[in-house]
Amino acid sequence: IKTSSGERYIASITRCAQIVRTGAADECLTFYTAYCLGQAFKASEADIRPVTIGNYLEGLIALGRLGGVDAESLDGMRYMRDAMREEARVDEKLKISRINDLMKKGGFEYIAEVIGEIRTDADLLPDHSSRKELLLQTVACCAVDMNKPARTGDMSRWSIGSDLRRETDGSWHLAWSQGKTSRTTEAGELWAD
């Protein structure tokens with residue numbers, strides 16, 4: 001198992017344990033526990049999607065399998081996991097509505113306008129300001145995303161000088177290893193100095 005997969009399982013188990021601590025679900029790994037967890041996650045203010053709930057249950061199933069929980073109990077949990085994933089397949093993907101909303105606002109032209117507004121706000125701040133640094137980082141990420149969208153987790157690991165590098169001719173290039181697939185991808189030349 002990859003390290004990132006192990007971390008995902010641990011995070012999923014932790015999220016489920018937080019619900020169990022509230023009393024909204026039992027600590028036994030059964031169909032009913034999986035059902036109660038699903039209901040609790042759906043009722044939470046975090047707007048947790050069914051596919052995510054299914055992934056959380058997958059973490060508990062792995063824990064139960066390795067911990068010697070009986071097969072019938074785990075089959076009940078698998079049923080709920082599959083039901084959550086099926087519900088996710090039937091629902092419209094959240095990104096589709098977000099893309100539609102973005103297109104209604106003007107698409108890339110809207111993003112470019114927002115980038116310009118953020119740059120103007122940054123220019124009004126002193127150079128030593130942490131807020132200015134954050135705004136300029138936001139501008140850079142938005143500009144890159146217009147050309148080559150990346151997962152948030154991947155963007156958080158980008159390193160200047162390694163993933164994002166400036167060539168001797170003044171051009172900037174971005175290449176990184178995707179966390180989900182472990183494949184290398186790149187945005188190519190971004191902008192000149």
Side-chain angles (χ1 to χ4, degrees), residues 1-102 130 134 137-138 141-142 144-145 148-160 162-164 174-187:
I1 187 170
K2 290 179 6 182
T3 301
S4 60
S5 296
E7 291 170 354
R8 185 179 61 83
Y9 281 120
I10 291 169
S12 296
I13 293 165
T14 301
R15 291 296 306 267
C16 292
Q18 291 167 342
I19 297 295
V20 169
R21 275 196 300 266
T22 69
D26 192 66
E27 60 191 40
C28 296
L29 300 181
T30 63
F31 166 83
Y32 186 66
T33 298
Y35 172 80
C36 290
L37 286 168
Q39 295 304 306
F41 282 125
K42 286 180 178 181
S44 75
E45 295 177 11
D47 189 30
I48 299 172
R49 310 284 294 167
V51 70
T52 303
I53 297 169
N55 291 339
Y56 290 165
L57 295 177
E58 180 66 37
L60 284 181
I61 292 166
L63 177 67
R65 190 177 66 248
L66 294 172
V69 173
D70 67 277
E72 188 175 325
S73 294
L74 292 180
D75 284 344
M77 294 194 76
R78 287 184 185 103
Y79 176 83
M80 284 306 303
R81 175 205 58 202
D82 294 345
M84 290 292 110
R85 289 179 175 170
E86 181 59 29
E87 185 178 329
R89 276 191 284 277
V90 172
D91 286 349
E92 180 182 286
K93 291 200 178 277
L94 190 58
K95 68 181 176 183
I96 293 172
S97 63
R98 288 178 178 165
I99 291 170
N100 288 339
D101 289 345
L102 177 62
S130 63
L134 178 65
Q137 288 172 348
T138 302
C141 288
C142 288
V144 168
D145 268 353
K148 175 77 174 188
R151 289 183 173 84
T152 305
D154 289 343
M155 290 178 80
S156 70
R157 290 186 297 274
W158 286 346
S159 172
I160 295 177
S162 175
D163 302 306
L164 180 61
L174 176 64
W176 71 96
S177 176
Q178 295 175 313
K180 186 172 183 178
T181 64
S182 297
R183 292 187 179 133
T184 299
T185 188
E186 63 178 281

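The analysis underlying the following values was restricted to heavy atoms, covering all of them including side chains, and did not include hydrogens, waters or symmetry mates. Numbering of residues begins at 1 and proceeds along the displayed sequence.
- For the pair Tyr32 and Asp26, the minimum side-chain heavy-atom distance is 4.5 Å or more.
- Annotation: the span from Glu72 atom CD to Phe31 atom CZ amounts to 12.5 Å, rounded to 0.5 Å.
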Between Tyr56 and Arg81, does a side chain to side chain contact (heavy atoms under 4.5 Å, CB included) hold up when you go through it step by step?
-> CA-CA 8 Å; Tyr56 290 165; Arg81 175 205 58 202; over 6 Å; no
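- Inter-residue side-chain proximity for Val144 and Leu164 is flagged as unmet; no heavy-atom pair is nearer than 4.5 Å.
- If you take OG1 on Thr52 and CZ on Arg85, they are separated by 10.5 Å, rounding to the nearest 0.5 Å.
- Here SG of Cys28 is found 10.5 Å from CE of Met77. Values are rounded to the nearest 0.5 Å.
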Check step by step if side chain to side chain contact (heavy atoms under 4.5 Å, CB included) holds for Thr184 and Trp176.
-> CA-CA 5 Å; Thr184 299; Trp176 71 96; over 6 Å; no
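- Taken from CG in Leu29 to CZ in Arg65, the straight-line distance is 12.0 Å, to the nearest 0.5 Å.
- For the residue pair Cys36 and Ala24, the shortest heavy atom distance occurs at CB-O, 3.4 Å.
- In this structure, CD1 in Ile13 is found 10.0 Å from CZ in Arg8, a value given to the nearest 0.5 Å.
- Looking at heavy atoms from C-beta onward, Leu174 lies in side-chain contact with Trp158 at the 4.5 angstrom threshold.
- Around the OH atom of Tyr35, the shell of radius 6.0 Å holds no more than 12 heavy atoms that belong to other residues, nucleotides or ligands.
- Ile53 contributes atom CD1, which lies 8.0 Å from atom CD of Gln39 (distance to the nearest 0.5 angstrom).
- When every heavy atom of Gly179 is checked against every heavy atom of Arg157, the shortest pair comes out as CA-NH2, 3.5 Å.
- Here the side chain of Thr33 pairs no donor or acceptor atom with the backbone of Ala25 at under 3.5 angstrom.
- Of all the heavy atoms in Tyr9 and Gly59, the pair that sits closest is CD2-CA, 3.4 Å.
- Residues Lys42 and Met84 have side chains in contact (heavy-atom distance under 4.5 Å, counting atoms from C-beta outward).
- Nearest approach of Met155 to Ala150, heavy atoms of both residues: CG-CB, 3.7 Å.
- The nearest pair of heavy atoms linking Leu37 to Cys16 is CD2-O, 3.8 Å.
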